[in-house]
Every structure is written in structure tokens, then in C-alpha cells.
Amino acid sequence: MAKSKKSWEKRLAGEPDRLTVDFVESLSVDRRLYKYDIVGSIGHAEMLAEQKLITRAEFKEIKKALLEIAEEIADGRFKFDKTLEDIHMAIEAALVKKTGEVGKKLHTGRSRNDQVAADIRLWMRDEIETLQAKVTLLQKAFVKSAGKYAEDVMPGYTHLQRAQPIVIAAYLLSFVEQFERDFIRLGNCRELLNISPLGSGAIAGSTLAIDRESTSRKLGFGGVSRNSIDAVSDRDFCVEFIFDCALIATHLSRLAEDWIIYSTSEFGFLSIDERYCTSSSMMPQKRNCDVLELIRGKTARVYGSLLGMLTVLKGQPTGYNRDLQEDKVHIFAASDTVSQSLDVARAVVAGSRFNRKKISASLDEGFLDATALAEYLVVKGVAFRDAHGIVGSLVAYCEKQGKKLAELGLDELRRYSASIKKDVYESIGAANVAGRYITEGAAGPGEAKKQIAYWQKRLGR
Ligand code: ARG
């Protein structure tokens with residue numbers, strides 16, 4: 001062989017320019033696929049042996065060498081050479097170095113185009129399981145915390161204005177729901193991506209008797225792709241995966257925003273474990289929850305990856321194009337960011353305390369019980385729209401008097417509606433109201449406890 005390390009360079013006039021080498025290489029990014037590349041190659045080689053395209057002895061030699069290479073990469077002994085472009089070529093070159101003529105047979109009936117498509121799918125399958133496990137741990141942290149605050153009432157907000165009383169547990173469990181959908185979405189993504197593109201070759205398949213079902217089975221795929229042209233260029237699953245990550249990031253950012261606000265001295269609802277806080281280089285009194293701000297901030301990266309991935313695909317001509325190599329930058333960035341944010345969020349949730357005293361001290365601010373008073377009137381036979389108006393007027397009156405609804409005397413209340421009776425005081429006051437919700441899924445203690453029991457059973461403690 002000439003100076004060139006790559007067989008296909010026989011087609012080209014000489015060595016590529018240094019600019020080209022640096023520009024086209026993906027080894028710095030895709031080396032983390034090495035395990036999947038090796039597993040995929042072993043499956044492919046075994047199939048080649050079954051099909052008598054190589055001998056059983058050759059397969060064994062290839063397998064042994066590939067496993068050695070995996071070990072060398074795992075313990076940092078492997079020398080990555082970016083002139084080899086990507087992890088697929090790096091491993092193949094090492095294989096040929098170890099086994100000579102035998103190694104040269106591995107790429108029979110295969111292209112890097114179907115190879116990389118398979119590798120990404122194998123990687124993503126595992127990555128999804130890891131992310132799902134992290135989502136579950138975060139959910140468990142929420143459920144555990146909810147168990148401590150099943151009876152404690154806090155204001156529920158709409159438009160970030162005090163709305164109706166809720167128990168803290170119900171608030172916490174609202175996040176468990178969001179992350180449950182994320183968990184399911186990831187599972188759906190895994191299900192859909194789990195098909196084998198191997199055997200599709202560069203675009204058109206092969207004239208050799210490649211047994212696609214066999215490699216698919218060996219690699220744990222649920223089936224083989226139907227169309228070779230689509231199989232080498234399909235990255236829809238990458239978009240879906242990043243979208244799922246983006247929605248996790250969205251949910252995390254909402255949590256982060258709430259808790260940044262709740263832990264201010266203005267709110268004082270929440271104390272976040274100081275291990276997750278930082279201070280200021282100038283202001284000695286500061287205790288900032290920078291990790292939450294960064295969870296919020298890093299969401300941008302994931303959204304960026306989503307748009308990046310979509311844009312890589314937009315307008316590509318049919319078939320494999322090298323643009324697709326950029327997929328990995330985006331799927332890795334999205335996954336790494338979300339993975340780290342999930343870990344941090346779990347730690348923050350597990351290490352935070354709600355300040356019951358502070359929350360309950362201001363619970364009767366903001367007329368959280370106004371809606372419940374209107375509903376009281378409905379029970380007494382007043383049409384809701386009229387009840388709404390009556391309570392609106394009562395609230396305006398209270399504001400003028402500097403009073404809360406529950407502080408009004410019965411005579412004052414009855415000036416606005418004769419339907420109000422002595423029993424009204426059981427139906428107003430934020431703490432009373434939270435205990436009176438009866439609809440399924442409501443934010444009171446009874447329903448929250450049911451949900452806690454449901455999640456404990458579903459997720460395990
Ligand atoms: N490094 C490439 C990628 O990640 C592998 C496929 C390259 N194929 C090709 N014909 N140039 O997409």
C-alpha cells in the first residue's frame with residue numbers, strides 16, 4: 001500500500017490537505033460511540049461467517065481483535081489518529097493492523113453509511129435508558145418530599161398572582177406528572193428507533209447475500225428497515241430524541257424558575273441546601289442558587305441542538321450526505337446537558353425544605369379563598385355568575401377595610417348576600433378551603449395523598 005492509510009484514497013490524487021483533515025474529522029466527537037461500533041461490527045462479522053462470506057476462524061479472529069481494541073480504548077491506550085476521520089475507520093484500521101488480511105474483510109457488504117446509522121441507534125437505546133433512570137430518580141425525590149408536605153397549604157399561583165390554596169405536596173406532584181410524560185416519550189422514541197439499518201450499505205443494499213435479519217437479531221433490534229435509501233439518511237429519531245430532551249429541559253427550567261423565586265427573601269418559601277448554592281465575589285451576604293439558574297440557562301443549549309438537528313436535515317438531497325455527520329454534535333450535547341441537569345435537579349429537590357411557618361404566616365393574604373366563597377354561594381342556590389359578582393364586591397370592600405374575607409362579621413357578609421349563613425366560616429380561610437376540595441386530582445390533602453400512594457407504588461420508594 002502507498003503512503004495513504006485509507007484504501008479509498010487510491011481514487012484521489014494525493015493526501016488530503018490539512019484543512020480537509022481537520023474539517024472532516026469526527027473522531028473527536030464520535031469516539032464515544034466506540035463500544036457500539038465494535039458490538040455492531042462483531043454482529044456483522046458473525047453474520048458474514050454464517051453466510052460463508054468469511055470463515056468461522058476469520059470471524060473469531062476479528063472478534064478477538066475487536067474486543068482487544070475495545071479494551072485499549074476503554075483504558076486509554078488506543079491512539080486516535082484524526083487522519084482516519086471517524087471512529088469507524090479508526091477501529092477498522094486498528095483491526096487491519098492487528099489481523100492483516102482477515103481484518104480487511106470486515107467491511108464486506110457494509111458502508112459507513114449504514115454502519116453509523118446503526119451505531120447511533122445502538123447508542124441512543126442505551127442513552128434513553130440512562131435518561132429514563134435519571135428521570136425516575138428525580139420523580140422519586142419529588143414524591144418523597146411530597147410525603148412530608150401532604151397537609152401543608154401554600155398559595156397556588158396563576159399569572160404569578162395568588163390564586164387558590166393548594167397543598168405543597170400537590171405542587172410537587174405536578175412535576176412528577178411532567179417528568180412521567182418525559183419518561184414515556186423517551187420510551188416511545190426508543191421503540192420507534194429500534195430497527196436495524198445494517199445491510200442497507202451506502203444507499204442501495206448489496207449484491208452479496210447479507211442476512212439482515214441475523215444482524216438485527218444479534219444486536220437486539222426489533223426488526224429491519226424496509227428501504228435502504230431511507231435507512232442511510234433517516235435521522236428523524238435524532239430530532240425526536242432531542243425534542244424529548246428539550247421538553248425535559250423545559251420542565252426543569254420551570255422548576256428552576258419557581259424555586260429561584262420561592263427561595264428569595266421576598267418569598268422565603270424554600271430553603272435550598274447550601275451545597276447547591278454559591279456566593280458572590282463582591283457581596284459577602286449573598287447566597288445564590290446558581291445551579292438552578294444554570295439549569296434554566298442550559299435549556300438554551302438543548303433548544304439550540306433541536307434547531308441545529310432540524311436544520312441539518314432540512315433540504316438535504318435524498319441519500320446519505322456528509323451533513324449528517326453533524327447529528328452527533330447535537331444529540332450528544334442535548335443528552336449530556338439534560339443528563340447533568342437531571343442529576344443536579346434531583347439533588348436540589350432532595351435537599352430542599354419548605355418553610356412552613358413563613359408560608360402559613362402569609363397564607364391569608366391575597367384572597368385565596370375567594371373562589372371557595374363563590375362556590376359556597378352556589379351551594380346556597382346562587383347562580384355562579386352572580387356569586388362571582390358578590391364575592392368580587394366583597395373583596396373590593398375588604399381591600400378598603402384592610403380586612404380578609406374570614407375577618408368579616410356575618411352582618412358585613414350578609415350585606416352583600418342574604419344567602420350567606422353562619423356556616424360560611426368553615427368554607428373560607430385558605431387552610432379550610434384546601435381541605436374541602438373534592439374533585440378528582442384536586443390540589444388538596446386527600447387527593448395529594450392518593451397521588452403519593454400511586455407514585456410510591458408505581459416508582460417504588
Ligand atoms: N463519519 C460519518 C458520519 O458520522 C460516517 C459516514 C461517512 N460516510 C461517507 N460516505 N463519507 O456520518
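Each ligand, and each atom within it, is numbered from 1 in the order the structure gives. None of these values were measured; they are calculated from a predicted model. Just so you know, these numbers use all the heavy atoms, side chains as well, and skip hydrogens, waters and symmetry mates.
Side chain of D323 to backbone of V312: no donor-acceptor contact under 3.5 angstrom is found.
Across K298, R301, R32, a single residue satisfies salt bridge (charged side-chain N to carboxylate O under 4.0 Å, His left out) together with D336, and that is R32.
The shortest N or O to N or O distance between N113 and ligand 1 is below 3.5 Å.
Using a 4.0 Å cut-off between heavy atoms, Q115 makes no contact with ligand 1 at all. For K328, every heavy-atom contact with ligand 1 shorter than 4.0 Å involves the side chain, none the backbone.
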Donor-acceptor contacts under 3.5 Å from residues 185-192 side chains, at least two apart:
residue, atom, partner, partner atom, Å
R185, NH2, D182, OD1, 3.0
R190, NE, R125, O, 3.4
R190, NE, E129, OE2, 3.3
R190, NH2, E129, OE2, 3.1

Under 3.5 Å, which donor-acceptor pairs link side chains of residues 153-162 to any protein atom two or more places apart or in another chain?
residue, atom, partner, partner atom, Å
R162, NH1, S362, O, 2.8
R162, NH1, E365, O, 3.2
R162, NH2, S362, OG, 3.3

Check: R31 and D86: side chain to side chain contact (heavy atoms under 4.5 Å, CB included), yes or no, with the steps?
Finding: CA-CA 7 Å; R31 62 175 67 181; D86 56 29; over 6 Å; no
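A donor atom on one side chain and an acceptor atom on the other are found under 3.5 Å apart for S271 and N355.
With ligand atoms numbered from 1 in the order given, ligand 1 contributes 2 (C), 3 (C), 5 (C), 6 (C), 7 (C), 8 (N), 9 (C), 12 (O) to contacts under 4.0 Å with heavy atoms of Y320. Atoms of ligand 1 lying under 4.0 Å from any heavy atom of D86, numbered from 1 in the order shown and given with element: 1 (N), 2 (C), 5 (C). Residue-ligand proximity, S26 to ligand 1, at heavy-atom distances under 4.0 Å covers atoms 1 (N).
Considering only non-hydrogen atoms, atom 2 (C) of ligand 1 lies nearest to Q325 out of M89, Q325, R235.
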